[in-house]
2 protein chains.
Amino acid sequence: MRARKTETELRQEQIVAAALDMISAEGVHALSIVGIAERVGIVPSALYRHFKGKDDVLDGVLALLERRLLRNVTQVRKQTPDALSRLRLLLMKQAQMLSENRGIPHIVFSDGIYTGHPERKAKVAEIMQSHLSRIQKIIEEGQQKGAIREDVAPTTASVMFLGMILPAAVLGNLTEGGFDLIAHVEKAWPVFVRCIATNNKSQS
Amino acid sequence: MRARKTETELRQEQIVAAALDMISAEGVHALSIVGIAERVGIVPSALYRHFKGKDDVLDGVLALLERRLLRNVTQVRKQTPDALSRLRLLLMKQAQMLSENRGIPHIVFSDGIYTGHPERKAKVAEIMQSHLSRIQKIIEEGQQKGAIREDVAPTTASVMFLGMILPAAVLGNLTEGGFDLIAHVEKAWPVFVRCIATNNKSQS
DNA sequence: CTATATTGTGAACAGTGAATCACAATTCTT
DNA sequence: AAGAATTGTGATTCACTGTTCACAATATAG
C-alpha cells in the first residue's frame, strides 16, 4: 500500500516522534531507519526525502528534548512566583514527562546517541547544563527572597534536584513500570525541602 | 605477531577488563569484538576460545560490576558501625569508583547492553535493586539506633542517596571531566545529611 | 622426548542496517 | 487540465560486525 503524500514539515515531526517512541520502547540501540519508517508508515528510502540521514534524525530528537525541557521551566515560572513551589511543580512535570516518555533518560545516558560524534555529545551536555542553570536560577531567586538556605550552593542543589528524579526514572525503566516514579517523587520532595528550605517556612 | 598462549581463566579476566575499559572510553555502543581483541592483543576469532560470544562477554562485565558494588558495601560495613558514617564512606567510594571507571553508568543506563535481551535487562535491574536494598538496610539500622529520622522511608532515602551521585556521574561523563564528581559529592553530603539525620546529632 | 590438548591465526561467511538511485505516483501551480 | 515540483517505492550497493572453521603454533602431560 502506498503512503499518502505528506508535506515535509509534518513528516519531520512524525519521524522525530516515531524515533522518540522507538527509543522509549526499545532503546537507542534499537533505533533504526527501518523501524522509524515502519512506524510512520512509509518505506525506509522515503525517509531520506525529509532527513539527510540517521544523524539528522537524532539531531531532531535532541532538539525536541531541548524544547520540552525549556517549556516545562517557563510554564512553571508563569504558574507561581515562589521558588519552592516552582521547584515542586517542575519536579511533578518532569516526573510526568519521564513516566510518559521513558526514552528520555536513554537519550541523555545512552552513549549510542553520540558515540563517535563529539559535537552531538557536546550538544547533549549543553542541553543538560542549560536545564541545570535554569533550575539554579530559580534556587538563587529563592535564596534572595529568603525561602532557600544561603549555605547550599545553587549548583549543588540543582544537581541534587535532578538526583531526585533521575535514578528513579532509570529504575522505572529497568523494571518496566515496577517502580512508581510519581509516588517516589512525592515522597522524596518533603525530604528534599528539608535539605534546602529555611526552617522558618513550613511546607505541607 | 603471535600472542602468547595464555590460560582461559586469565584471558577471560583480561577480556572483561578490556570490555569495561572500552565502554568507559567510547560507550557500550562502540563495544566490538574486534576492539576488545585488539586491546587484549589477540585476534578476534581467538576470543571465542574463552567466551561463547559477545553476549557472554557482556554477562561477564555485569558480573564484574555486581562484585564491585557488593565489595564496596561490605568494606564500608567493616570500617565503621555508624550508619551516617557508613553512608558517607560509601558515597566517597562510589564517587571514586565512578570517576575512575566512567563506563559504569553506561552499563546501567545504556540500553545497548540489553536491547532484545529481557533476561539481561532483568539482571541489571536485579543488580541495582540488590545494591539499593543494601543501602536501605544501612538506613534502617540507622533509624533503629536513632541516627536517622523515622519519617523518611528507607526506600526513598536509598534512591535519593543514589541521586546524589548518579546525575553527577552522568554530567562528568558528558563534559568529559569538566564536572568534578568528587567535589560535588563533598558539597552534597552535608546537605543530604540534613534531609535524613535527626537534629540532635551534628555532622562536621 | 613425544603425544595430546589447548590456544592463536587468517580467511571466509552471513546477517544487518544505512544510504543511493532511477522511476512511479501524487499534489500543487498557473 | 498540463506541466512541474514534491513525495513514495523497490532494488541495489556498501560497509560493518559477529561468528565459524580448518589449520598452525605452543604449552602440558606421561
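Labels below follow one simple rule: chain letters A, B, ... track the order of the sequence lines, proteins then strands, and each chain is numbered from 1. Atoms considered below: every heavy atom in the structure, side chains included; atoms not considered: hydrogens, waters and symmetry mates. No experiment lies behind these values; they were computed from the predicted model shown.
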Gap between atoms [atom1] and [atom2], on [X] and [N] respectively (whole Å):
X: A:Ile36; N: D:dG8; atom1: CD1; atom2: P; answer: 15 Å
X: B:His50; N: D:dG18; atom1: NE2; atom2: P; answer: 17 Å
X: B:Leu58; N: D:dG18; atom1: CG; atom2: C1'; answer: 12 Å
X: A:Lys54; N: C:dG17; atom1: NZ; atom2: C1'; answer: 8 Å
X: B:Lys5; N: C:dT7; atom1: NZ; atom2: P; answer: 7 Å
X: A:Glu7; N: D:dT6; atom1: CD; atom2: C1'; answer: 11 Å
X: A:Ile33; N: C:dG17; atom1: CD1; atom2: P; answer: 11 Å
X: A:Tyr48; N: D:dT9; atom1: OH; atom2: P; answer: 15 Å

What nucleotide among D:dT9, D:dC23, D:dT19 has an atom nearest to a side-chain atom of B:Arg49?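 Per side-chain heavy atoms of B:Arg49, the pick is D:dC23.
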Quick one: label B:Ala3 by what it contacts on the DNA or RNA (base, sugar-phosphate, nothing), any heavy atom closer than 4.0 Å.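 Touches sugar-phosphate only.
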Determine the contact category for B:Leu10: base if any of its heavy atoms lies under 4.0 Å from a base atom, sugar-phosphate if only primed atoms, P, OP1 or OP2 are that close, otherwise nothing.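 Since no nucleic acid heavy atom lies under 4.0 Å of B:Leu10, the category is nothing.
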What orientation do B:Phe179 and B:His184 show, parallel under 30°, tilted 30 to 60°, or perpendicular over 60°?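 Judged by the thresholds at 30° and 60°, the geometry between B:Phe179 and B:His184 is tilted.
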Please work out which of the three classes, parallel, tilted or perpendicular, describes the rings of A:His29 and B:His29, given edges at 30° and 60°.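 Correct class here is perpendicular.
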Side-chain N,O (B:Thr8) to OP1/OP2 (C:dT6) below 4.0 Å: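 For B:Thr8, the contact criterion (side-chain N or O under 4.0 Å from OP1 or OP2 of C:dT6) is not met.
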Any A:Arg11 side-chain nitrogen or oxygen under 4.0 Å from OP1 or OP2 of D:dT6: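 It does not, given that no N or O in the side chain of A:Arg11 lies less than 4.0 Å from OP1 or OP2 of D:dT6.
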Check whether more than 12 heavy atoms from other residues, nucleotides or ligands sit under 6.0 Å from atom [atom1] of [X], and answer yes or no.
X: A:Lys93; atom1: NZ; result: yes
X: A:Glu119; atom1: CD; result: yes
X: A:Lys137; atom1: NZ; result: no

Using heavy atoms to find the nearest nucleotide of DNA chain D for A:Gly41 and B:Ser32 separately, return the residue whose nucleotide is more 5′.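 Checking each residue's closest nucleotide, the 5'-ward one belongs to A:Gly41.
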Using a distance-only criterion (donor-acceptor N/O pair, under 3.5 Å, no hydrogens), is the base of C:dG8 paired with the side chain of B:Ser45?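 When only heavy-atom distances are counted, B:Ser45 does not reach the base of C:dG8 through any donor-acceptor pair under 3.5 Å.
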